[in-house]
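Below is one structure; the comments refer to it alone.
Naming: A, B, ... by sequence-line order, numbering from 1 per chain.
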Number of protein chains: 2
Amino acid sequence: MATTIRDVAKEAGVSAATVSRVLNNSGYAHEDTRKAVLDAIQKLNYRPNEVARSLYKQKSKLIGLILPDITNPFFPALARGVEDYLREHGYRLIIGNSDEQLEQEIDYLDTFAQHNVVGIVASINEPHSDMLSDLNVPIVLLDRTVEELPAVYADQFEGGRLAAEKMLERGSKEITIIRGPIEVRPVYQRFVSSFQVLRQAGVKVHVFDSKLSFEGASKSASSLFEFYPNTDGILACNDIVAVAMMNEAQRTGRKVPEDVQIIGFDDISISELVYPGLSTIRQPAYEMGEKAAEILLKKINQQVLDDLHCQLPVQFIERQSTRKVGE
Amino acid sequence: MATTIRDVAKEAGVSAATVSRVLNNSGYAHEDTRKAVLDAIQKLNYRPNEVARSLYKQKSKLIGLILPDITNPFFPALARGVEDYLREHGYRLIIGNSDEQLEQEIDYLDTFAQHNVVGIVASINEPHSDMLSDLNVPIVLLDRTVEELPAVYADQFEGGRLAAEKMLERGSKEITIIRGPIEVRPVYQRFVSSFQVLRQAGVKVHVFDSKLSFEGASKSASSLFEFYPNTDGILACNDIVAVAMMNEAQRTGRKVPEDVQIIGFDDISISELVYPGLSTIRQPAYEMGEKAAEILLKKINQQVLDDLHCQLPVQFIERQSTRKVGE
DNA sequence: ATGAAAGCGCTAACAT
DNA sequence: ATGTTAGCGCTTTCAT
């Protein structure tokens, strides 16, 4: 059996209440008793039971995190940002993968409530507002947005625009945009933005669909050049898809970037390691996670938020899958 | 305020105890009252407070998971396996990244205890046995082993051997083994095993060190061919490192697999997507995670384990970074 | 078959 | 400055 606050109290020759006071630095405590208590705690290696604490205070030190799929490298980066920040502030994470499934999101939200989480960070598309207000717990959206909730995300329109412009500047004339699932908002936004720029520029543009997953990317890649053999520029919806497309380009004897240029989205770690290095639009995933955590803690501590929405800048990272030009 | 068991009791016109009974299918309950309670639960959308439950029973529905670094694609695969299995059985995950740091591992173990977790899955090298027995909670090691604890891992010796043999069969004569950090046991084991095979075969073999991370891989890759320019075969400690090396090979004008063959380890998702496709030793990560979860639940439910250690098979996955031979 | 009451470990009023 | 008491929401004897 773990040591309880009573054990400590007995050891120190005081009451449980006193122990609680020194533990929480609340109320008075004579320096001597304080020391006695601290000694007893040390001696018994006592750690307060968070569950009991949580039951009484109706709030835990737990924070819920919902991500679509931790298996997609973009999300672990977010998660680490969240975790590292929260951890330093004494909070821990209950984590759940939703696979973008409403049902699973709800299921986790439910669980979070049952465990008295004090806050939630979530990458979900349509927050179930009744549910959320029901929980009555601060939430911040990550990589997703909705008008009324705090959110941290990267500038998708700028990202989409940047990708298209850089591609244009580097001379591609027949560009295929790989569009991800339109239900995933940020992915759709970057598509729209790229598409607009390309259209206005008057180049030839194709739209080709792909899932965001590894298998999906691989599958769609295999038929890209059957549909659009003259593609000389690819704007991919994320880096995974970009890498798959780059593979297919090379496999079909095309040179990258000479014959086909490719720009990805996200800047996941692997993008730097593949050959040729993948040019991409960087989303500052780790920082996004940190920022979301920071905002969440502010809300938890009732501090006022300067802005509900925090948009982080994206950045064009040029590597070797595009033809560098003097700028 | 969330609805409590008393609200339900009042609504159903019974006592809290009765509600509890129907909730847990324990003790008697007349069919009529049972129905009344169920209706009330439905009507009030009542969900029992897991924290209160956990406090009384001294055990939660939470399971702790410690991973070195979720940012390394091998671990999310494990994590998903664990999560998906546990989830189906009503358990949730508190997750923590340790960065292989003893201090953080202990920190999380502590947290887990404070939250009354009923079990732990951990990828840690030296379980702090005093601590662990202190928690008095079942644990299963994942991707790591120690004599006395249940563990799930892939056959590292076989993996190392396979990689070396396949490389030999495919004709490389001057092989560089990229050795990861020797403190990480499985990584060390695969190295030893490969090394032995290569030595016995009498080919020229170099050993070159690298970290397992993206940055580490990239850094060490950049000087590989300065040290061993005549390398015609690379055995990498994991796929990330393999991809980095493959990049460097191509960057320095070497053809893969014609001039240099490369075999990785893990078979992370991206390995299929890079060009050329990376031949590798597959560890069944997702299945490992599932298996660990399964074993943990068995322990939690006091069932007997057939074997303490569960070793899963590895497999050589041949793609295009090696020269296929008729076999 | 059901209810009353105690208690899981902790904290916060309230006394002293 | 410190102790006593009640109670967070639940489960489980023990009565009835």
Any Lys/Arg nitrogen of [X] or [Y] sitting under 4.0 Å from an Asp/Glu carboxylate oxygen of the other?
X: A:Arg92; Y: B:Asp107; result: yes
X: B:Asp99; Y: A:Arg80; result: yes
X: B:Glu50; Y: B:Lys57; result: no
X: A:Lys35; Y: A:Asp39; result: yes
X: B:Lys299; Y: B:Glu294; result: no
X: B:Lys43; Y: B:Glu11; result: yes

Rounded to the nearest angstrom, tell me the gap between atom [atom1] in [X] and atom [atom2] in [N].
X: B:Gln58; N: C:dG7; atom1: CD; atom2: C1'; result: 10 Å
X: B:Leu44; N: D:dG9; atom1: CG; atom2: P; result: 15 Å
X: A:Lys59; N: D:dG9; atom1: NZ; atom2: P; result: 14 Å
X: B:Lys57; N: D:dT13; atom1: NZ; atom2: P; result: 11 Å
X: B:Asn49; N: D:dG7; atom1: CG; atom2: C1'; result: 14 Å
X: A:Arg53; N: C:dT11; atom1: CZ; atom2: C1'; result: 9 Å
X: A:Ile41; N: C:dC10; atom1: CD1; atom2: C1'; result: 13 Å
X: B:Asn116; N: C:dC10; atom1: CG; atom2: P; result: 10 Å

Quick one: which of [options] gets closest to the side chain of [X]?
X: B:Ile5; options: C:dA1, C:dC10, D:dC10; value: D:dC10
X: B:His30; options: C:dA12, C:dC10, C:dA1; value: C:dA1
X: A:Pro48; options: C:dC10, D:dG9, D:dT2; value: C:dC10

Response to the item:
Rounding to 0.5 Å, atoms CD1 (A:Ile66) and OH (A:Tyr108) come to a distance of 8.5 Å
Worksheet item: Taking atom OG of A:Ser213 and atom CG of A:Asn72, what is their separation to the nearest 0.5 Å?
Response: 8.5 Å
Response to the item:
By nearest-heavy-atom nucleotide on DNA chain C, the more 5' of B:Gly27 and A:Val51 is B:Gly27
Item to complete: Could you check whether B:Thr33 gets within reach of a base, just the sugar-phosphate, or nothing at all, counting any heavy atom under 4.0 Å?
Response: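 Result for B:Thr33 = sugar-phosphate.
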Discussion item. Mind checking if A:Ser26 touches a base, just sugar-phosphate, or nothing, with heavy atoms under 4.0 Å?
Written reply: nothing
Discussion item. When the axes are fitted on five pairs at both termini, how much does the helix from C:dA1-D:dT16 to C:dT16-D:dA1 curve, in 10° steps?
Written reply: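 That helix has its two terminal axes inclined by roughly 50°.
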Worksheet item: Looking at residues 6-25 of chain A, who's got a heavy atom less than 4.0 Å off DNA chain C?
Response: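 Output list: A:Arg6, A:Ala17, A:Ser20, A:Arg21, A:Asn24.
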Worksheet entry | Contact summary for B:Asn116 and A:Asn49, nearest pair of heavy atoms |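 Looking at all heavy atoms of both residues, the closest pair is OD1-ND2, 4.0 Å.
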